[in-house]
Protein chains: 2
Amino acid sequence: MKQKILVVDDEPDAVELLEINLRSAGYEVVSASDGEEALKKARMLLPDLIVLDLMLPEVDGTEVCKILRRDVKTSGIPIIMLTAKAGEIDRVLGLELGADDYVTKPFSPRELVLRVKRLLRVAQQDETKSDRIEWKELAVDIPRHQATVKGKSVDLTATEFKLLTVLAQRRGRVQSREQLLHDVWQYDNLIDTRTVDTHMRRLREKLGSAAKYLDTVRGVGYRFVED
Amino acid sequence: MKQKILVVDDEPDAVELLEINLRSAGYEVVSASDGEEALKKARMLLPDLIVLDLMLPEVDGTEVCKILRRDVKTSGIPIIMLTAKAGEIDRVLGLELGADDYVTKPFSPRELVLRVKRLLRVAQQDETKSDRIEWKELAVDIPRHQATVKGKSVDLTATEFKLLTVLAQRRGRVQSREQLLHDVWQYDNLIDTRTVDTHMRRLREKLGSAAKYLDTVRGVGYRFVED
DNA sequence: CCTTGCTGTGACATAATCGTAACATTGATG
DNA sequence: CATCAATGTTACGATTATGTCACAGCAAGG
């Protein structure tokens, strides 16, 4: 599953340079050229990382950064700041803005890709979310990437595992197909919602007796039963 | 029970930044501004983790690190080094100093907190510190740099050995290719993730019957099986 | 200087997984 | 009970991840 990166800069040249390099490093790239667009796309697409120029028309980069940090949905997304002056670094990284890293312009694409990789790895390690979910005979162990039913390990594919994890983490609450596509497939809304059904079936089949915890809520979506 | 962290740096600004961020992440923070004070507080308070600047007045950071590692009481405490130069990383992480991780200045507080969390998690699981790992017919002797299968020594290259070690130390938990690149290849670089696959193949080939303990988790990474 | 072993990469082969479409079944509604 | 929409089920071609191999660069050591 490709990781998604949002690039925000008003200079088309810089954006293009970044896009080319990030794409060839295997990332999916989305771009925005001003602060407003950046905020909108960040909230909609929930990228895995944001590369943000400090100087932007309309809403300034610093402002964008602060706003992203305030919103629960986006506050966890790593941000790399593009900045011209070395003197600004402390402010950028410090409490005021809370960026995760910076690169001074003009930057070498190589270095930027390197920092992107590093940040994504560090962010991945975070996993502040609970490591393990248990419900009756079903257990989901995230770091081991392993689900067990009555103590017996069940082989799930990456997608099935994630689907189960998302549902189990929101135990009791119904998740729409769109929501699931967003959370599990990282908002590749090019995908048909019926795909979710197919995966649910496969998941249920593999889970055997534990399939009863996966409820269909007709006309709404799916949920992990609570009782 | 709050975990205690000792922060050692002679720049008051850096210390303050660290204190604020670590406190808000739920840790108890103690600080020291030179090497001597650091050693005294480390021995007295036995913190769960130490953040140590490389450049210190009086007793240098490198010296502090060595001394802490020599003393039985403090040798097990994870140390994160704050360092200015990327060139020093090898020495810091290597045998000479034996720090557990490093962050280059200027650093982002968010990243540092993530690394602190990670190290504390790893330290708790604490297989890491053992010199020798055994699993069924496979044994890995770290100081002797030697792996054996059914008592018969297996010739591994440095990279293969490290790869096996990292996987075995995190027994059961899936490691992404990115994570493995970081842990095995030491510092961040632009090596292709497929390189990991190649080394896994070589490792499996050499391990023979013990290769079955090295699991591929499709779409995620590799893991050392636990059962 | 040559030799040797180690490494990272690209190319190709293979197998697992995915998304979709098509058809079957179920449940709601009047 | 007839109808329609939603969901379950199945099969299959396309896509992608991984295994495997060969090769060239390089460093270490003779």
Side-chain angles (χ1 to χ4, degrees), chain A residues 1-3 23-28 110 113-114 117 145 147 154-164 167 174-208 211-223 225, chain B residues 90 145 147 154-164 167 174-208 211-223 225:
Chain A
M1 265 171 254
K2 266 188 188 173
Q3 288 182 293
R23 285 235 165 79
S24 73
Y27 298 108
E28 190 187 328
R110 206 184 117 84
V113 171
L114 198 135
K117 284 192 174 180
H145 217 265
V154 177
D155 250 25
L156 299 180
T157 69
T159 314
E160 286 156 5
F161 187 82
K162 187 134 191 213
L163 181 58
L164 175 60
L167 284 167
V174 182
Q175 306 294 309
S176 70
R177 289 175 174 70
E178 286 76 16
Q179 184 70 47
L180 290 171
L181 274 180
H182 182 272
D183 292 346
V184 177
W185 280 258
Q186 323 247 37
Y187 215 80
D188 287 336
N189 54 359
L190 327 157
I191 291 175
D192 189 352
T193 54
R194 289 305 309 281
T195 298
V196 177
D197 298 46
T198 304
H199 278 273
M200 281 302 290
R201 186 187 117 46
R202 289 172 182 153
L203 186 53
R204 281 166 166 163
E205 189 174 45
K206 289 189 181 177
L207 288 183
K212 59 176 174 285
Y213 302 129
L214 301 176
D215 252 16
T216 302
V217 182
R218 185 164 257 262
V220 188
Y222 295 98
R223 92 175 142 201
V225 297
Chain B
D90 281 339
H145 217 267
V154 177
D155 249 26
L156 298 180
T157 69
T159 313
E160 287 155 5
F161 185 81
K162 188 102 194 249
L163 181 57
L164 175 60
L167 284 168
V174 179
Q175 306 295 309
S176 70
R177 290 174 174 71
E178 286 76 15
Q179 185 68 54
L180 290 171
L181 273 180
H182 177 252
D183 291 344
V184 175
W185 279 254
Q186 288 294 12
Y187 42 89
D188 307 284
N189 47 30
L190 287 173
I191 291 176
D192 195 299
T193 53
R194 290 305 310 279
T195 298
V196 177
D197 298 46
T198 302
H199 279 272
M200 282 301 289
R201 185 184 116 46
R202 290 170 182 155
L203 184 54
R204 281 166 165 163
E205 192 173 43
K206 289 190 181 176
L207 288 183
K212 59 175 175 283
Y213 303 129
L214 301 177
D215 247 17
T216 302
V217 182
R218 188 164 256 261
V220 188
Y222 294 98
R223 90 176 141 203
V225 297

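A, B, ... follow the sequence lines: proteins, then strands. Residue 1 opens every chain.
- Comparing the end axes of the helix from C/dC1-D/dG30 to C/dG30-D/dC1, each fitted to five base pairs by superposing C1' atoms of four pairs onto the next four, gives an inter-axis angle of 30° (nearest 10 degrees).
- Counting to the nearest Å, the C1' atom of C/dC6 and the CG atom of B/Leu156 are 13 Å from each other.
- Using a 4.5 Å heavy-atom cutoff, the side chains of A/Leu207 and A/Tyr213 are not in contact.
- Straight-line distance from the CG atom of B/Leu180 to the C1' atom of D/dT18: 15 Å, rounded to whole Å.
- For the pair B/Arg177 CZ and C/dT9 C1', the interatomic distance rounds to 15 Å; values are reported in whole Å.
- Partners of B/Gln179 by side chain to side chain donor-acceptor pair (under 3.5 Å), not counting sequence neighbours, listed by chain and number: A/Gln125, B/Asp183.
- One interatomic measurement links the two molecules: CG of B/Asp197 to C1' of C/dA13, which rounds to 14 Å at whole-angstrom precision.
- Shown here are the side chain to side chain contact (heavy atoms under 4.5 Å, CB included) partners of B/Arg194, two or more places apart in sequence or in another chain: B/Asp192, B/Asp197.
- Mapping B/Gly219 and B/Glu205 onto DNA chain D via the closest heavy atom, the residue that lands nearer the 5' end is B/Gly219.
- Atom CZ of A/Arg223 is separated from atom P of D/dT7 by 13 Å (rounded to the nearest Å).
- When heavy atoms are screened at a 4.0 angstrom cut-off, A/Thr216 is found touching the sugar-phosphate backbone but no base atom.
- Protein atom NE2 of A/His199 is 16 Å distant from nucleotide atom P of D/dT10, rounded to whole Å.
- At the heavy-atom level, A/Val196 lies nowhere under 4.0 Å from the strands shown.
- Side-chain proximity of A/Thr157 to the nucleotides D/dG19, C/dC18, C/dT7 is greatest for C/dC18.
- Spacing between atom NE2 of A/His145 and atom C1' of C/dT17 amounts to 14 Å, rounded to whole angstrom units.
- Taking every side-chain heavy atom of A/Tyr222 into account, D/dG8 is the closest of C/dT7, D/dG8, D/dC21.
- For B/Phe161 and C/dC6, the CZ to P distance is 15 Å, given to the nearest whole Å.
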Distances under 3.5 Å only, N/O to N/O: pair up the protein atoms with those of nucleotides 23-25 of chain D.
none

Pairs under 3.5 angstrom, nitrogen or oxygen only, protein versus nucleotides 27-30 of chain D, please.
none

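- Of the candidates B/Leu180, B/Leu163, B/Val217, B/Val196, B/Leu180 is the only one forming a side-chain contact (heavy atoms from CB on, under 4.5 Å) with B/Gln175.
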Dump the pairs, protein N or O against N or O of nucleotides 21-24 of chain C, anything under 3.5 Å, distances to one decimal.
none

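- Take the nearest nucleotide of DNA chain C for B/Ile191 and for A/Thr193: the residue whose nucleotide is more 5' is B/Ile191.
- Of the residues near DNA chain D, A/Gly221 and A/Arg201, the one whose nearest nucleotide (by heavy atom distance) lies more toward the 5' end is A/Gly221.
- In this structure A/Lys212 satisfies the salt bridge (charged side-chain N to carboxylate O under 4.0 Å, His left out) test together with A/Glu137, sequence neighbours excluded.
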Contact list (N/O, under 3.5 angstrom) for nucleotides 25-30 of chain C vs protein:
from	atom 1	to	atom 2	distance (Å)
C/dT26	O2	A/Arg218	NH2	3.1

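- Taking B/Arg201 as the reference, B/Glu205 meet the salt bridge (charged side-chain N to carboxylate O under 4.0 Å, His left out) condition, with sequence neighbours excluded.
- Other residues, nucleotides and ligands contribute at most 12 non-hydrogen atoms within 6.0 Å of the CZ atom of A/Arg110.
- Under the rule for a side chain to side chain contact (heavy atoms under 4.5 Å, CB included), the partners of A/Arg204 that lie at least two apart in sequence or sit in another chain are A/Met200, A/Ala211, A/Leu214, A/Thr216, A/Tyr222.
- Residues passing the side chain to side chain contact (heavy atoms under 4.5 Å, CB included) test with A/Lys206 are A/Val154, A/Leu156, A/Thr157, A/Glu160, sequence neighbours excluded.
- Under the rule for a side chain to side chain contact (heavy atoms under 4.5 Å, CB included), the partners of B/Thr198 that lie at least two apart in sequence or sit in another chain are B/Arg202.
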